[in-house]
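Some notes on the structure that comes next.
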Amino acid sequence: MIDLRLLRDDPDGLAAALARRGLGPDDLDRIRELDERRRRLVSDLDQTRAEQNQASKAIGQASPDERQGLIDAASALKETVTSLESELREAEAEHTAAAARIPNLPDPEAPDGQEGDGVVLRTFGEKPTFDFTPRDHVELMEAGDALDLQRGAKVSGARFAYLKGEGALLEFALVRYAIDVAMEHGHTPVIPPVLVREGAMYGTGFLPTDAQQIFTTRDDEYHLIGTSEVSLAAMHMDELIDEEDLPLRYAGYSPCFRREAGAHGKDTRGILRVHQFEKVELFSFVHPDASKDEHERILSIEEEVFSGLDIHAQVVDIPVGDLGASAARKFDLEAWLPGQEAYREITSCSNTTDYQARRLKARMRVADGDNVLVHTLNGTALAVQRAIIAVVEQHQREDGTVVVPEKLAPYLGREVLFAR
RNA sequence: GGAGGGUUGGCAGAGCGGACGAUUGCACCGGUCUUGAAAACCGGCGUGCCUCGCGGCACCGAGGGUUCGAAUCCCUCACCCUCCGCCA
């Protein structure tokens with residue numbers, strides 16, 4: 001949710017910023033009308049309630065003779081209050097529904113454009129070259145008995161897989177490595193709940209918008225998280241945080257569940273896009289003045305994680321038209337995948353400024369003045385399946401074995417994978 | 001799964017239909033006193049909304065209900081605690 005005060009204080013600035021995201025001024029005008037109606041009702045209602053409170057108070061002090069007459073008069077006021085209340089409830093529902101659809105204001109520095117117009121800021125690592133035809137991760141891992149897609153499909157259906165043997169060990173090693181890097185940068189490791197209640201999904205903005213992406217349990221009202229961003233963000237929902245406790249930095253490790261509705265036929269091979277994957281997620285709650293720096297910090301952790309794995313990748317500044325509703329700016333890391341000869345997203349980090357915090361009601365106590373919303377940021381330290389793909393495809397050798405990156409070897413306990 | 005007890009301001013803890021947005025203690029902030037500090041004393045000290053302001057309204061776990069009036073009575077839900085059962 002955006003700051004609706006801007007609608008009154010700086011309507012033109014707001015309209016200009018949102019126009020970059022393709023939002024017309026009509027949407028804003030409508031919200032402004034709804035807001036005016038709402039405010040009129042609030043003050044009418046408050047005034048009537050004040051009268052009613054006065055009237056009720058008088059009854060308590062009245063003599064028995066006067067009592068009945070006063071009660072009748074108060075009853076009339078009560079009816080007015082009740083009808084104003086229902087009008088207000090309706091006006092507020094319409095207003096918040098309309099306001100919730102407004103996406104976050106894009107960062108002025110975020111590039112213009114639509115999906116595909118991302119600006120490559122830099123690349124790191126050396127692009128691997130092969131004097132043989134490189135295999136993709138499915139070939140490499142199946143040959144190494146590290147991945148079983150057939151049985152994944154038999155047991156759970158399409159887009160499920162077993163990681164086993166060295167595939168499973170790779171997960172443990174990558175996760176622990178990524179958590180160590182995150183911890184060096186002040187992030188506290190967390191194993192969060194994976195099933196959450198509706199409030200957490202609404203607070204983080206995944207409901208109602210992404211309902212079709214979310215798995216929900218049948219007999220209990222639980223939702224499976226699509227990223228630990230949900231449970232990490234919701235940790236400080238409805239909290240008033242002391243300024244000296246900020247920043248709060250976490251690194252959550254959890255499975256993530258996504259229905260991938262609408263992605264039929266897309267990335268069907270292997271484990272690039274699956275219904276269940278594991279991820280180490282960075283999440284920060286920061287002082288509103290600090291979010292820009294924090295965003296750079298999180299991006300640099302991501303780069304450190306992947307350059308430490310000797311991965312070649314590019315850093316992409318995502319254009320305004322391709323931002324999610326809550327992001328003001330987003331950077332992706334795209335790794336080169338020799339198996340498909342393309343750069344593919346392996347991590348992503350977003351600055352959601354106060355947009356997510358407003359829904360979460362995550363605020364910071366201000367000593368002299370009004371309390372303010374904190375800023376929240378999230379980023380992938382390491383998405384296990386995609387990291388595995390990048391590592392095995394980029395570090396493969398002609399015989400189908402894979403050279404383990406130097407920094408990962410101690411975590412894995414071996415220097416070569418898939419050797420016979 | 002069964003039985004009971006809870007949920008009130010940063011914390012502790014009163015209040016159980018009308019003067020309660022809430023007694024009190026601690027913590028915290030300011031002042032007096034003091035060379036300084038402590039103690040003592042005095043004052044302040046929740047959150048949100050509406051309003052240029054004065055001020056008003058709402059909030060005692062959440063949501064509904066009864067009533068002229070609810071922290072207080074009734075219903076539903078959530079969470080916490082204790083005991084029993086089951087269990088990694």
Side-chain angles (χ1 to χ4, degrees), chain A residues 1-10 31-100 191-203 207 216-217 219-223 230-231 234-246 248 254-255 285 288 354 357-374:
Chain A
M1 184 113 82
I2 60 158
D3 183 0
L4 293 169
R5 247 177 271 266
L6 286 173
L7 207 53
R8 292 182 233 165
D9 299 347
D10 182 21
I31 291 170
R32 187 158 42 199
E33 280 164 29
L34 290 168
D35 186 40
E36 273 160 25
R37 174 160 74 116
R38 194 193 113 252
R39 275 152 57 210
R40 243 190 337 267
L41 283 167
V42 165
S43 56
D44 287 356
L45 176 61
D46 281 0
Q47 202 184 324
T48 316
R49 273 210 273 237
E51 286 170 33
Q52 197 207 10
N53 288 345
Q54 289 271 307
S56 293
K57 236 169 235 175
I59 290 167
Q61 292 154 353
S63 67
D65 309 344
E66 306 169 319
R67 238 185 157 83
Q68 194 52 51
L70 290 171
I71 288 178
D72 293 343
S75 298
L77 281 170
K78 186 196 176 181
E79 278 175 40
T80 314
V81 167
T82 310
S83 78
L84 280 172
E85 273 174 346
S86 72
E87 265 186 80
L88 177 62
R89 215 187 337 261
E90 205 176 298
E92 246 161 16
E94 268 183 70
H95 179 244
T96 37
I191 312 285
V194 173
L195 293 171
V196 300
R197 287 205 262 162
E198 209 167 54
M201 283 292 179
Y202 275 98
L207 278 176
T216 299
T217 60
D219 295 328
D220 311 278
E221 285 173 11
Y222 289 120
H223 301 281
V230 174
S231 13
M235 226 189 317
H236 295 290
M237 182 164 62
D238 295 318
E239 289 186 17
L240 197 49
I241 300 162
D242 285 327
E243 185 171 350
E244 69 249 35
D245 292 335
L246 293 176
L248 291 163
S254 79
F285 297 83
D354 63 7
R358 186 167 290 108
R359 278 220 183 177
L360 284 171
K361 300 196 181 75
R363 293 167 301 155
M364 182 187 86
R365 197 186 297 282
V366 172
D368 44 357
D370 293 336
N371 296 329
V372 296
L373 293 159
V374 299

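Below, chain A is the first sequence line, B the second, and so on; all start at residue 1. Keep in mind the model is a prediction, meaning the values are calculated, not measured.
Within the 4.0 Å cut-off from OP1 or OP2 of B:C49, at least one side-chain nitrogen or oxygen of A:Arg5 is found. Taking 4.0 angstrom as the limit, A:Asn53 places a side-chain polar atom (N or O) nearer than this to OP1 or OP2 of B:C57. Phosphate proximity of B:C50 to A:Arg38: present, with a side-chain N or O under 4.0 Å from OP1 or OP2. The phosphate of B:G48 (OP1 or OP2) has a side-chain N or O of A:Arg363 nearer than 4.0 angstrom. Considering only side-chain N and O atoms, A:Lys57 lies nowhere under 4.0 angstrom from the phosphate OP1 or OP2 of B:A19. Here A:Arg8 reaches the OP1 or OP2 of B:C50: one of its side-chain N or O atoms lies under 4.0 Å away. At the phosphate of B:U51, OP1 or OP2 sits under 4.0 Å from a side-chain N or O atom of A:Arg39.
As the counterpart of B:A27, no nucleotide is assigned, since no Watson-Crick or G-U wobble pattern has both distances under 3.5 Å. Look at B:G63: its Watson-Crick or wobble partner, with both distances under 3.5 angstrom, is B:C75. The pairing partner recorded for B:A58 is B:U47, the criterion being a Watson-Crick or G-U wobble arrangement whose two distances lie under 3.5 angstrom. Nucleotide B:G1 forms a pair with B:C84, judged by Watson-Crick or G-U wobble geometry with both contacts under 3.5 Å. Pair assignment for B:C16 gives none, since no Watson-Crick or G-U wobble pairing has each distance under 3.5 Å. The base-pairing partner of B:A40, taking Watson-Crick or G-U wobble contacts with both distances under 3.5 Å, is B:U32.
Considering only side-chain atoms of A:Arg49, the nucleotide from B:U67, B:G56, B:A58 that sits closest is B:A58. Listed candidates were B:A58, B:G64, B:C68. Nearest to the side chain of A:Ile59 is B:C68. Listed nucleotides B:C50, B:G64, B:C57 differ in distance to A:Ala50; the shortest reach to its side chain belongs to B:C57.
The interatomic distance linking A:Met1 (CE) with B:G48 (P) rounds to 15 Å, in whole Å. At whole-Å resolution of the value, CD in A:Glu51 and P in B:A58 are 13 Å apart. Rounded to an integer number of Å, the gap from CD of A:Glu85 to C1' of B:G63 is 14 Å. In this structure, A:Arg89 atom CZ and B:A58 atom P are separated by 15 Å, rounded to whole Å. B:C68 atom C1' lies 12 Å from atom CD of A:Glu79, rounded to whole Å. For the pair A:Leu84 CG and B:A58 P, the interatomic distance rounds to 13 Å; values are reported in whole Å. Distance, A:Asp46 CG to B:G48 C1': 12 Å, rounded to whole Å. Atom CD of A:Glu239 and atom P of B:G10 are 12 Å apart (whole Å).
For the C1' atoms, the distance from B:A78 to B:G30 is 41 Å, rounded to whole Å. Here the separation of B:C83 from B:C29, taken at their C1' atoms, is 45 Å to the nearest Å. Between the C1' atoms of B:C81 and B:G44, the separation comes to 36 Å (whole Å). Using atom C1' as the reference point in both B:G69 and B:A19, the two lie 13 Å apart (nearest Å). A distance of about 27 Å separates the P atoms of B:G43 and B:G48, rounded to the whole Å. B:U47 sits 16 Å from B:U23 when the P atoms are compared, rounded to a whole Å. Nucleotides B:U24 and B:C75 place their P atoms 33 Å apart, quoted to the nearest Å. The same atom, P, is picked in B:A12 and in B:C49; the two are 27 Å apart, to the nearest Å.
With respect to the salt-bridge test (charged N to carboxylate O, under 4.0 angstrom), the residues A:Asp9 and A:Arg5 do not qualify. Ion pairing between A:Arg49 and A:Glu85 holds under the 4.0 Å rule for side-chain N and carboxylate O. The pair A:Arg32-A:Asp35 fails the salt-bridge criterion, with no side-chain N (NZ, NE, NH1 or NH2) lying under 4.0 Å from an Asp/Glu carboxylate O.
Residue A:Gln47 is out of contact with every strand shown, counting any heavy-atom pair closer than 4.0 Å. Contacts of A:Arg358 with the nucleic acid, taken as non-hydrogen atoms under 4.0 Å apart, are absent. At a threshold of 4.0 angstrom between heavy atoms, the contacts of A:Arg40 with the nucleic acid are absent. Residue contacts shown for A:Ala55 are absent, as no nucleic acid heavy atom lies under 4.0 Å away. Counting any heavy atom pair closer than 4.0 Å across all strands shown, A:Asp72 reaches no nucleic acid atom.
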Using the rule given for side-chain contact (heavy atoms from CB on, under 4.5 Å), can you reason through A:Leu4 versus A:His95, listing the C-alpha separation, both sets of side-chain angles and the distance that settles it, and then say yes or no?
CA-CA 10 Å; A:Leu4 293 169; A:His95 179 244; 3.4 Å; yes
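Once rounded to the nearest 0.5 Å, the distance linking NZ of A:Lys78 with OG of A:Ser83 reads 12.5 Å.
Taking every heavy atom of both residues into account, A:Ala98 and A:Leu34 meet most closely at CB-CD1, 4.0 Å.
Across the interface with RNA chain B, nearest-nucleotide mapping of A:Asp35 and A:Leu240 shows A:Leu240 to be the residue nearer the 5′ end.
Environment of OH in A:Tyr202: crowded, with over 12 heavy atoms of neighbouring residues, nucleotides or ligands closer than 6.0 Å.
For the pair A:Ser254 (side chain) and A:Pro192 (backbone), a donor-acceptor distance under 3.5 Å is absent.
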